[in-house]
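Below is one structure, written out as structure tokens; comments come after it.
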Amino acid sequence: MSRVRQPPLVTGISPNEGTSWTKVTIRGENLGTGPADLVGLSICGHNCLLTAEWMSASKIVCRVGPAKDDKGEIIVTTKSGGHGTSTVSFKLLKAEKIGILDQSAVWVDEMNYYDMRTDRYKGISPLSLRPSNPLGIDFDKGKVPLKDLEALFPGVSGEFTSENFSATWYLIENHSVTSFDQLRMAASNLKKQATKKNEGSLAYVKGGLSTFFEAQDALAGLTELGSLDAAIHQRLESDGTERVEGSMTQRLENVLNRASDTADTLFQEVLGRKDKADSTRNALNVLQRFKFLFNLPLNIERNIQKGDYDVVINDYEKAKSLFSNTEVSVFKKVYAEVETRIGALRSLLLDKLLETPSTLHDQKRYIRYLSDLHASGDPAWQCISAQHKWILGLMQNCKEEFINYQRVGLGAIALDLEGDPRPSAFSRIRDTAPLSKGGILHTPRHSTWHYETPQQVQFVEKLSDVVIGQLPNFWKLWISYVNGSLFSETGEKSGQVEKSKKNARQRQNDFKKMIEEVTHRLVKLVRGALLPSTLTELELRLYGGWENKTELTGPWLTQVIHTVRVIFEALVALEIPNDLLQVIQDLLLELRHHCLLVTLHHTADDVKRVAEKEDWVVDNEGITSLPAQFEQCMVQMLQSLKEPMETKPGEVNILQLDQDQASELCVDIIKVFINCLEQLSTKTDRDIDTSHMSVDLASPNLFSGIQEDFCPTLEQRLLIILSNCQYLEKHTFLNLAEHFEKHGFTGTEKITRVTVHAVKELDESLFDAYIERKSDPIVGSLEPGIYAGHFDWRDCSTPTGVRNYLKEALVNIITVHAEVFTVSKDLVPRVLTRIIEGVAEEMSRLMQCVSSFSKNGAIQARLEIDSLRDAVASYLSSESHASFKQALEVLPQLHNGADKKLLEELLNKFKSSMQLQLTCFQPSNVQPVKR
């Protein structure tokens, strides 16, 4: 913990009395640890901190200000010690007013002017009196740095008129490379000037001595004559002679009077010329002495034209401190002209301050200038108001420019913002995921991408440039206005700083309304371009007007969301209160929700286009590329929604906000795909577009007889779609559920349940349609085949083998097996089981319809039923087992061993003769479907 210092104590001041602006030296104890530690200094109640120069902890030098008290204490205040005390006092003397020509011991030292604004002494200004060349030779300056001279000669100066003049400094600075002969000539010139000055003064005195002595003798003679005349005059009065007319004294008096009148007449002109010369000499002395003031108006005009406003302000402060309260009429007149020029400068600076566009540095600089010139009003607030109007106008003009270009049919435009060299918002995100206008399955854009960007997207980009380029400087200007830093660079001006802070506190609500107006204007302009339905009719007239009715796709909306987020993050980085940015958050929420819905709707269209491009080429697993393309389409949709669905700090999760609607849209997309599958299955051969189909001739799993112009039959399409449905149910939908969960979708179980149910319904429908087309002909051929040739179960010859109708039925079943196996071996058990169920059921029905069987008829019927059952044993279900059992139970039992032997021989004969055909019914890796 740092040690607490004692309060300052002033124990001495030198001198202890004087007029205003007298330089004094203050001594004492604990007067601060450095210049920054000194925070207060008052003498006789007047704040002298502006002129204070901290020398050490025991010494401070300053100038006494125009205090009201005649006598008072010296109080020092420091950060480390606090408010101090004083054991001495200072007496302030009131200065008497002195005329221009009156003798005075006070001389205004213009050569060492103290600038109170910068708290340091200043050398002679370009407007002050400059001395002539004392050496009388040309300057031949070297390259000796000023810093080196200050280090070699501390405390002195090379200025010829300075009281601390150093001849060595002067010679090194101005004649470091002058030749020796030139320096000898300069020494001779100095001697001549000194001799001439001394001789001139001495000759003047010598020439006036004789005149002085003659005047003294004349005065003495007149005194004696006056005494004699008085005596004579007194004597004559006593004798009465004085009254005699024409007396000697009377005549003498008349002569003397006439002589006096003649002398006055003779010397009146000489004396007048002398008075005029004296007046002229005095006027020239005044002009020379106050050359700074008389040249100031012209020099102010010149420096204003050059832009040297600091020089103008310094000279004005000097003139104001010296002549603002003068009583001399000529000084008043010149000073009034100076005030007129300064008034014009104030107007010029105010015009420059309110010009747009301008940099923050220039704005602060002009505000400081106007503050130093004591301009009326509040220039800082005027600048803030002007910037606010300009930003609003810039945003509105941005919209009008785009709409005008849109109406005349021009393509993409580049709105040039003056004074804003920053890259556009699009250049900051050009390395993000590639965007496509037509859908997520399109190829990336080429180099002319910018010119294909929708007008609304370009508009939001340019609007982002306006806000990010201008609003930060606008906010920083307000912060500088609040904390008073606009005046900190020109010295500690506590009065201006406090006034600025007070004005800022009073105008906080006004500035808050300005920020709200800018953010609301931004939001409404974006809504007018992208979400016009959220605006009223009046707002649409002001912020809408876009003629392009084409709705933006998800990728473009994603880019817009990214741009608005960039704006929001830039404003948050400025520490703008969150309540002022809430409208942008609300806009982001609606844009994200809109992007989600639009993307889902467009994905449904993409899914339709994917289904239309089915090429009907199956792979080894019995599926086409359609399920994979559908899954890829859905995955790319989720990837494109990654940024809009991402929840940034302070944002709301849009899926939790409206999860039911999002889930329903996802289900609708999948149902669209399922409906497309159903439509593909019902299309006729003429409706199928084969222009996009390609066949892999090297694939071993092609349909028999497939050519390059392959077009699948209706039954083949049914099988392909059935295979795809099974793949969707077992793989695709499960994969999509994982992707949905990964991207934050809720209700994935519901989505999976509903979509699986929908695909199962389609599967059952298509399966029934296929079975109906394949099973009915086979089942329908059994009865005619059994009774072909007027066959009768009651009167038939001894059986010799299985009849042809059953072989034909098996061949038809084998044909179905081949057709299904070519598409998908996984479908074989399911299809054959269903067909065999129909055949078994028909055989059972036909056997039950027979009234009676002969022995040979019973053997024949049992032979055919057993042959059929044994041939398709791998595909028997419980229903087909029951049907075959019912059929056999109707037949008479064989009790004779010879009959049984005959049946067995015929059965073996059948299996042997059709061994090759029946091989397809013996799959090693296919299990019968259990229902």
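If you read the sequence from its start, that first residue is 1, and numbering goes on from there.
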Margin query: Ring centroids only, cut at 6.0 angstrom: are F511 and F474 within range, meaning strictly under it?
Written below: yes
Item checked: Short N-O contact, K512 and D579, less than 4.0 angstrom -> yes
Item checked: Residue pair R527, E590: steps toward the salt bridge (Lys or Arg N to Asp or Glu O under 4.0 Å) verdict -> CA-CA 10 Å; R527 287 181 183 276; E590 293 191 37; 2.9 Å; yes
Next item on the list: Locate the shortest heavy-atom distance separating H602 from L552; write the atom from each residue and the value.
Entry: CE1-O, 3.8 Å
Next item on the list: State, with a plain yes or no, whether a side-chain heavy atom of Y309 is found less than 4.5 Å away from one of L348.
Entry: yes
Check: With C595, which of T599, L591, V598, L597 fulfils side-chain contact (heavy atoms from CB on, under 4.5 Å)?
Finding: T599
Check: In terms of heavy-atom contacts, does CD of E575 have more than 12 from other residues, nucleotides or ligands at under 6.0 Å?
Finding: no
Next item on the list: Start with the C-alpha distance between D586 and Q582, add both sets of side-chain angles, then the distance that settles side chain to side chain donor-acceptor pair (under 3.5 Å), and finish with yes or no.
Entry: CA-CA 6 Å; D586 297 339; Q582 186 59 42; 3.1 Å; yes
Check: Is there a side-chain contact between M637 and H739, using heavy atoms and a 4.5 Å cut-off?
Finding: no
Checklist line | Approximate separation, where rounding is to 0.5 Å, of Y369 OH and L345 CG | finding: 10.0 Å
Item checked: Lys/Arg-Asp/Glu bridge criterion (N-O < 4.0 Å) met for K671, D668 -> no
Note to self: Does E761 have more than 12 heavy atoms from other residues, nucleotides or ligands lying within 6.0 Å of its CD?
What the structure shows: yes
Margin query: Does atom CD (E400) have a neighbourhood of more than 12 heavy atoms from anything else shown, all under 6.0 Å?
Written below: yes
Check: Can you name the closest pair of heavy atoms from T752 and T755 and give their distance?
Finding: O-OG1, 3.1 Å
Return a table of donor-acceptor pairs under 3.5 angstrom between the side chains of residues 375-382 and protein atoms on other chains or two or more places apart.
unit_1: D378; atom_1: OD1; unit_2: A380; atom_2: N; d: 3.4
unit_1: D378; atom_1: OD2; unit_2: Y481; atom_2: OH; d: 2.4
unit_1: D378; atom_1: OD2; unit_2: N503; atom_2: ND2; d: 3.3
unit_1: D378; atom_1: OD2; unit_2: R507; atom_2: NH1; d: 2.6

Item checked: Any side-chain donor near an acceptor of the partner, Q470 and Q387, under 3.5 Å -> no
Item checked: side-chain contact (heavy atoms from CB on, under 4.5 Å), paired with I342, selected from I304, I313, L373 -> L373
Checklist line | Nearest non-hydrogen partners of V467 and L571, listed with the distance | finding: CG1-CD2, 4.4 Å
Next item on the list: Compare all side-chain heavy atoms of K320 with those of H374 and state whether any distance is below 4.5 angstrom.
Entry: yes
Note to self: Ignoring hydrogens, what is the shortest heavy-atom contact between C398 and L463? Give both atom names and the distance.
What the structure shows: SG-N, 4.1 Å
Checklist line | Full working for side chain to side chain contact (heavy atoms under 4.5 Å, CB included) between T356 and K389 | finding: CA-CA 10 Å; T356 53; K389 294 179 181 178; over 6 Å; no
Next item on the list: Start with the C-alpha gap between S358 and Q363, add the side-chain angles, then the distance that decides, and say whether side chain to side chain donor-acceptor pair (under 3.5 Å) holds.
Entry: CA-CA 7 Å; S358 61; Q363 293 168 4; 3.0 Å; yes
Check: Any Lys/Arg nitrogen of E401 or K462 sitting under 4.0 Å from an Asp/Glu carboxylate oxygen of the other?
Finding: no
Item checked: Minimum side-chain heavy-atom gap V526-L522 below 4.5 Å -> yes
Check: Does Q458 use its side chain to pair, donor to acceptor, with the backbone of T453 at less than 3.5 Å?
Finding: yes
Check: Taking side chain as C-beta onward, heavy atoms only, is S640 less than 4.5 Å from T558?
Finding: no
Check: Can you tell me how far CD1 of I468 sits from CG of N473, rounded to the nearest 0.5 angstrom?
Finding: 12.5 Å
Notebook entry, point to check: Under 4.5 Å between any side-chain heavy atoms of F630 and L736, yes or no?
Noted result: yes
Next item on the list: Verify side chain to side chain contact (heavy atoms under 4.5 Å, CB included) between Q508 and W478, making sure each step is shown before the conclusion.
Entry: CA-CA 10 Å; Q508 281 183 347; W478 164 255; 3.9 Å; yes
Notebook entry, point to check: Can you tell me if S464 uses its side chain to pair, donor with acceptor, with the backbone of V460 under 3.5 Å?
Noted result: no
Checklist line | Intermediate values then yes/no, side chain to side chain donor-acceptor pair (under 3.5 Å), Q396 and Y543 | finding: CA-CA 8 Å; Q396 196 70 25; Y543 309 113; 5.7 Å; no
Next item on the list: Considering only NZ, NE, NH1 and NH2 on the basic side and carboxylate oxygens on the acidic side, decide whether K742 and E738 come within less than 4.0 Å.
Entry: no
Check: Taking all non-hydrogen atoms of both residues, which atom of Q456 and which atom of A529 are closest, and how far apart?
Finding: CG-O, 3.4 Å
Next item on the list: State the CZ-CG distance between F459 and L530, to the nearest 0.5 angstrom.
Entry: 8.5 Å
Next item on the list: Check the pair I300, V338 against side chain to side chain contact (heavy atoms under 4.5 Å, CB included), reporting the backbone distance first and the verdict last.
Entry: CA-CA 8 Å; I300 286 176; V338 170; 3.8 Å; yes
Margin query: With rounding to the nearest 0.5 angstrom, report the OG1 to CE distance, T519 to M514.
Written below: 13.5 Å
Checklist line | Sub-4.5 Å side-chain heavy-atom contact between F733 and I670 | finding: yes
Item checked: Within-4.5 Å side-chain heavy-atom neighbours: R341 and Y316 -> no
Margin query: Minimum heavy-atom separation for D606 and C633, please, with both atom names.
Written below: CB-SG, 3.9 Å
Check: Looking at CG of L574 and CG of L580, how far apart are the two atoms once the value is rounded to the nearest 0.5 Å?
Finding: 12.0 Å
Check: Measuring from L350:CG to I367:CD1, what's the distance to the nearest 0.5 Å?
Finding: 10.0 Å
Next item on the list: Run the numbers on L471 and W475 for side chain to side chain contact (heavy atoms under 4.5 Å, CB included), then give the verdict.
Entry: CA-CA 6 Å; L471 199 57; W475 178 262; 5.6 Å; no
Note to self: Taking L542's backbone N and O only, do any of them form a donor-acceptor pair with K399's side chain (distance below 3.5 Å, no angle check)?
What the structure shows: yes
